[in-house]
Amino acid sequence: RAHDCITLFLGSKDRYAAIQKKDPGAYWFSPGWSRGQRVPGPGHFERLEAQYREQFDEDEVEYLMEMEHEKFAHYGIAAYTDLGDGDVAASKEDARAAAEMLGMEYRDYPGDEGLLCRLLSGPWNEDDFLVVPPGQTAGYSADERILRCETCKASDTNP
C-alpha cells in the first residue's frame, strides 16, 4: 500500500503521509533518480537544453526550458532519502545542488528498509500490504489504504 517508491524508502505509508502533511511542497530525490540523471538540477537542465537545441529553433528552446523550470516552481523543499547503500554522498550532493539551483530548502529524511524487507519476504500484514486473492484485482482507494480489492470483470464473464 504505497503511492510510489518513496513510501518503500521511508518505511511506511504513515511516515510518508506525515512528511507530506508537514512538507506538502516536497519534491523527492533518491539515489536511483540521481544515478539515472532524472533529478532536476544543473546537469539535467544542461543535457535537456542540448537535446532541445538539436531539435528546435532558439525561441522554442527558450520556451521549453522555461516550461521545464516552471514544472518545479510550486515545490519548496528538496526532500532526500536513501537506504544507506552505495555512494549516497554523491546523490545527496546532487539533491543539494538541485535545491540551491531551484531555490528550494534541502531536507534529509533517513530511510528505513523495514517495509521493503517485509515486501520481499513477509509477513504481509493488511495495514501495509494488499494481498489480492484469485478473481480479484487491485484498485485505487481514495483513503489511507491507498489500494483495495475489486471484483475482476474478466472473471465475471469467463468461468
Side-chain angles (χ1 to χ4, degrees), residues 1-52 61-133 136-150:
R1 297 183 187 272
H3 290 102
D4 56 33
C5 64
I6 298 302
T7 301
L8 293 174
F9 287 133
L10 294 174
S12 76
K13 64 181 173 41
D14 296 329
R15 182 170 179 224
Y16 180 81
I19 293 169
Q20 287 297 103
K21 185 175 181 177
K22 182 177 141 259
D23 296 332
Y27 184 88
W28 286 93
F29 292 78
S30 68
W33 280 109
S34 181
R35 280 191 302 272
Q37 300 178 338
R38 304 181 113 187
V39 294
H44 170 77
F45 290 123
E46 289 167 6
R47 285 186 299 278
L48 197 55
E49 185 172 355
Q51 179 185 340
Y52 287 160
V61 170
E62 187 176 314
Y63 173 75
L64 290 169
M65 292 309 297
E66 283 178 28
M67 293 299 100
E68 284 296 322
H69 284 275
E70 191 66 28
K71 286 191 317 190
F72 303 99
H74 67 281
Y75 294 103
I77 295 165
Y80 177 85
T81 190
D82 65 58
L83 294 175
D85 60 329
D87 182 11
V88 298
S91 299
K92 283 184 183 188
E93 188 50 43
D94 287 345
R96 282 189 185 102
E100 185 176 328
M101 183 188 134
L102 296 168
M104 296 179 186
E105 181 181 335
Y106 175 84
R107 295 206 181 138
D108 194 332
Y109 291 96
D112 176 344
E113 65 186 24
L115 183 62
L116 183 58
C117 289
R118 289 192 316 279
L119 173 64
L120 297 174
S121 60
W124 300 307
N125 66 61
E126 191 174 309
D127 188 47
D128 293 329
F129 300 96
L130 174 67
V131 177
V132 181
Q136 299 282 311
T137 60
Y140 175 71
S141 177
D143 60 19
E144 71 282 349
R145 295 176 302 156
I146 303 170
L147 298 168
R148 63 185 172 93
C149 282
E150 297 179 341

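Please read these numbers as outputs of a predicted model, since none were measured by experiment. Sequence positions, counted from 1, serve as the residue numbers for this chain. Computation of the quantities below employed the complete heavy-atom set of this structure, encompassing side-chain atoms and omitting hydrogens, waters and symmetry-equivalent molecules.
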If you measure from CG on Leu8 to NE2 on His3, what distance do you get to the nearest 0.5 Å?
12.5 Å
Closest approach of Thr7 to Ala2 (non-hydrogen atoms, all atoms of both residues)
CB-CB, 3.5 Å
Does the side chain of Asp23 reach to within under 4.5 Å of the side chain of Tyr109, using non-hydrogen atoms?
yes
How far apart are the C-alpha atoms of Leu102 and Tyr75, what are their side-chain angles, what is the distance that settles it, and do they pass the side chain to side chain contact (heavy atoms under 4.5 Å, CB included) test?
CA-CA 9 Å; Leu102 296 168; Tyr75 294 103; over 6 Å; no
Working to the nearest 0.5 Å, report the span between CD1 of Ile77 and CD1 of Ile19.
10.5 Å
Atom CG in Leu116, atom CG in Leu83: separation rounded to 0.5 Å?
6.5 Å
Spacing of CE belonging to Met65 relative to CD belonging to Glu70, to within rounding of 0.5 Å
13.0 Å
Write out all pairs satisfying salt bridge (Lys or Arg N to Asp or Glu O under 4.0 Å) with one or both partners inside residues 139-149, taking only residues at least two apart or from two chains.
Asp143-Arg145, Arg148-Glu150
Results of salt bridge (charged side-chain N to carboxylate O under 4.0 Å, His left out) for Lys71 - residues two or more places apart only
Glu68
May I ask you to test the Tyr27-His74 pair for a side-chain heavy-atom distance under 4.5 Å?
no
N/O donor-acceptor pair under 3.5 Å between Trp124 side chain and Leu119 backbone:
yes
Between Phe29 and Pro40, is any pair of side-chain heavy atoms under 4.5 Å apart?
yes
Heavy-atom check, side chain of Arg107 versus side chain of Lys22, under 4.5 Å
yes
Provide the closest heavy-atom pair for Gln20 versus Ala26 in the form atom of the first, atom of the second, distance.
OE1-CB, 4.1 Å
Tell me the closest heavy-atom pair linking Cys149 and Leu130, and the distance in Å.
SG-CD1, 3.7 Å
Contacts of Phe45 meeting ring-ring contact (aromatic ring centres under 6.0 Å, His included) (sequence neighbours excluded), chain-then-number -> His69
Please list all pairs meeting salt bridge (Lys or Arg N to Asp or Glu O under 4.0 Å) that have one or both residues in residues 89-102, counting only residues at least two apart or in different chains.
Lys92-Asp108
For Gln51, what residues pass the side chain to side chain donor-acceptor pair (under 3.5 Å) criterion, not counting sequence neighbours?
none
Heavy-atom closest contact (Tyr80 atom, Ala95 atom, distance):
CD1-CB, 3.9 Å
Heavy-atom pair with the smallest gap, counting every atom of Ala78 and Ala99:
CB-CB, 3.5 Å
Residues 109-132 vs salt bridge (Lys or Arg N to Asp or Glu O under 4.0 Å), sequence neighbours excluded, gives Lys13-Asp127, Arg118-Asp128
Are Ile146 and Tyr16 packed together at the side-chain level, in the sense that at least one heavy-atom pair is separated by less than 4.5 angstrom?
no
Side chain to side chain, Leu115 and Phe129, heavy atoms closer than 4.5 Å
yes
Does Asp82 reach the main-chain N or O of Gly84 with its side chain, forming a donor-acceptor pair under 3.5 Å?
yes
